[in-house]
Trainee: 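Once you've had a glance at the structure underneath, I'll fire off some questions.
In what follows, every heavy atom counts, from backbone to side chain, and hydrogens, waters and symmetry copies are set aside.
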Amino acid sequence: MSAQPLAQPLAEAAASVASSAHPLAQQLGHPLAASAASLVQSVDWLAVAPPLIAAVVALGVLVADLFLPESRKNVLGWISVAGLAAAALMLLPLLDGDRATFCLTGNGTGTGAGPGSLTGAPRACSYTADHFTLVIQLLVLGGALLAALLSITTLDDDRRRVPSGEFWFLLLSATAGAALLPAARDLATLIVALEVASLPAFALVGIRHGDRRSAEAALKFFLSSVTATAVSLMGVSFVYASTGTLYLTQLAQRLPDTPGQLHTLAQTGVVLTLIGFAFKTAAVPFHFWVPDTYVGAPLPVAAYLSVVGKAVGFSGLILVTVVAFPSYADVWGPALAVLAALTMTVGNVGALRQQATRARSAVRLLAWSSVGQAGYLLVPIAAAGYAKDAQKAIGSTVAYALMYAAVNLGAFAVAAVVGRGRAGNRISDYRGLYATNPVTALLMAFFLLCLAGLPPGIIGLFAKVTVFSAAVGAGLGWLAVVMAVNVVIALFYYLRWTALLFRAPEGETVRHRIPAPLTAAIALAGVAGVALSGAPQLVLRFASTGLF
């Protein structure tokens, strides 16, 4: 058979590609070169700088660990802190406008608000540094920085059982994945970022040698996360099979027009994807791993998971619901509303049942409190499925997450101080803390009152009001009532713990010596909480303006 009938169309196609390819390819004049050049795009290195710096520092710390003597291992912690600070500072040049890279259409990179393709359709990009991305990256990098400060002291105290080089490599690697996730704008990048953030966290939970509780916590965390990933991947595969794309903006366009024979497949994919992210947010009934994981993990790792891990899950959930699946708002809106009600109720009741004299009851209470706070964070996302202005509702979640990150990390920092003198870290160990460490006790009271939503923790009250108003504005009156009841339940155990700080101490008083890294972590969290309480309206404005 002659090859002429086949060769002619191929030649015409190659000529067409060459005519529209990069000028360099046109100069080369070769069809293959032209085709290859059309696939090459420049990378906006400034846009990807925050997660990239964290990843590079992680590799640098791992290599440096090979050459440093045991007595100098603490240098790795300060290198990690400096790297996280540098990554956070790289957010400042990105405030000028939205940037995107790894794009399917357009010229590959760009600035400006929502740049489109040549046809006027939304540009499909894998990485976008918009306002939402920057806010979540600030939360992630700031939370990781405070967790790193807590870790320096913990590693000094427990050097024999926790290898320094591996610890810092894993923490920075997880942070790089967490910083990448809010910028992901296709489902493949989203899942990869989610796993880069999760896999090192498994090892961090079980990194203490010879600790059975730590190993058990890591196993539970691993099994739950692997199940979530498997469910998410199946959902993503169904969505891709029914739409032919993984880009979030294209999914939003194509899902409403899914052919009838693929409609059920698309619905199943959406539901499975949402279930997978519900695992990551520790929403009930997917919360069972949280208390044991927080108790078994080193305290700085528990603090990291409570803030950065939660930010990862919620930012991913926001992207798949509001950006990718807005046409299925009638499905995920009611589902998330029910999950929010169950999560806040189970979390607060679990925290209420904690006994003050039980070993590690302070960390366990913070773990159950974290589950309850996840319920509040879910409320505005559910409201976005009903509200006309979904961006405003999502802004309430972001504002609440910023408040929660600052004060919850502060509470964990104080728990680390008390845990140095009393290894049991019971709630009863905090009795009389004001008599021995008045400043630490006052800050702990402030953090707890912020979490409860009471003055002088104005930012906590303001955040709860914004979440409450989001539910009412979306017509979810029943959810607002459930939230109000749960806020009252939470007041009891937060105020009980706060009152214990100022009671007369029993027996011999223990004065807690606070190392410099711990002092810095508590001070930074306290300054952030006080500053946010002084101007709470700025938080909501910053968190909700031009998110997408």
Trainee: Are the side chains of Thr227 and Ser224 in contact, using a 4.5 Å heavy-atom criterion?
Mentor: no
Trainee: May I ask you to test the Pro50-Leu141 pair for a side-chain heavy-atom distance under 4.5 Å?
Mentor: yes
Trainee: Please assess Lys310 against Tyr404 for the test side-chain hydrogen bond (donor to acceptor under 3.5 Å, both in side chains), listing each intermediate value before the final yes or no.
Mentor: CA-CA 10 Å; Lys310 200 172 296 302; Tyr404 169 78; 4.8 Å; no
Trainee: Nearest heavy-atom pair of Phe447 and Ile522: which atoms, and what distance?
Mentor: CZ-O, 4.2 Å
Trainee: Show every ring pair (Phe, Tyr, Trp, His ring centres under 6.0 Å) that has at least one partner inside residues 180-203, sequence neighbours left out.
Mentor: Phe202-Phe221, Phe202-Phe222
Trainee: Filter on ring pair (Phe, Tyr, Trp, His ring centres under 6.0 Å), then keep only pairs touching residues 312-334, sequence neighbours left out; what's left?
Mentor: none
Trainee: Any side-chain heavy-atom pair from Phe132 and Gln137 closer than 4.5 angstrom?
Mentor: no
Trainee: Do Glu195 and Thr229 have a side chain donor and acceptor closer than 3.5 Å?
Mentor: yes
Trainee: Under a plain distance cut-off of 3.5 Å, with no hydrogens placed, do Thr397 and Tyr376 share a side-chain donor-acceptor pair?
Mentor: no
Trainee: Return yes if some donor-acceptor pair links the side-chain N/O of Thr133 with the main-chain N/O of Pro182 below 3.5 Å, else return no.
Mentor: yes
Trainee: Give a yes or no answer on whether the side chain of Gln250 reaches the backbone of Thr245 with a donor-acceptor pair at less than 3.5 Å.
Mentor: no
Trainee: Just do the side chain to side chain contact (heavy atoms under 4.5 Å, CB included) check on Val530 and Phe446 with the steps written out, would you?
Mentor: CA-CA 9 Å; Val530 171; Phe446 175 72; 4.1 Å; yes
Trainee: Is there a side chain to side chain contact (heavy atoms under 4.5 Å, CB included) between Ser306 and Phe412 once you walk through the steps?
Mentor: CA-CA 9 Å; Ser306 72; Phe412 268 102; 3.5 Å; yes
Trainee: Between Asp44 and Tyr127, is any side-chain donor less than 3.5 angstrom from a side-chain acceptor?
Mentor: no
Trainee: What do the steps show when you test Asp292 against Arg364 for salt bridge (charged side-chain N to carboxylate O under 4.0 Å, His left out), and what is the final call?
Mentor: CA-CA 8 Å; Asp292 290 339; Arg364 194 173 291 274; 3.6 Å; yes
Trainee: Pick from Leu194, Val312, Leu181, Leu317: which one makes a side-chain contact (heavy atoms from CB on, under 4.5 Å) with Lys280?
Mentor: Leu194
Trainee: Determine, stepwise, if the pair Ser232 / Leu272 fulfils side chain to side chain contact (heavy atoms under 4.5 Å, CB included).
Mentor: CA-CA 6 Å; Ser232 296; Leu272 290 178; over 6 Å; no
Trainee: Would you mind listing every salt bridge (charged side-chain N to carboxylate O under 4.0 Å, His left out) that reaches into residues 255-277, with sequence neighbours excluded?
Mentor: none
Trainee: Any side-chain heavy atom of Leu46 sitting closer than 4.5 Å to one from Arg99?
Mentor: yes
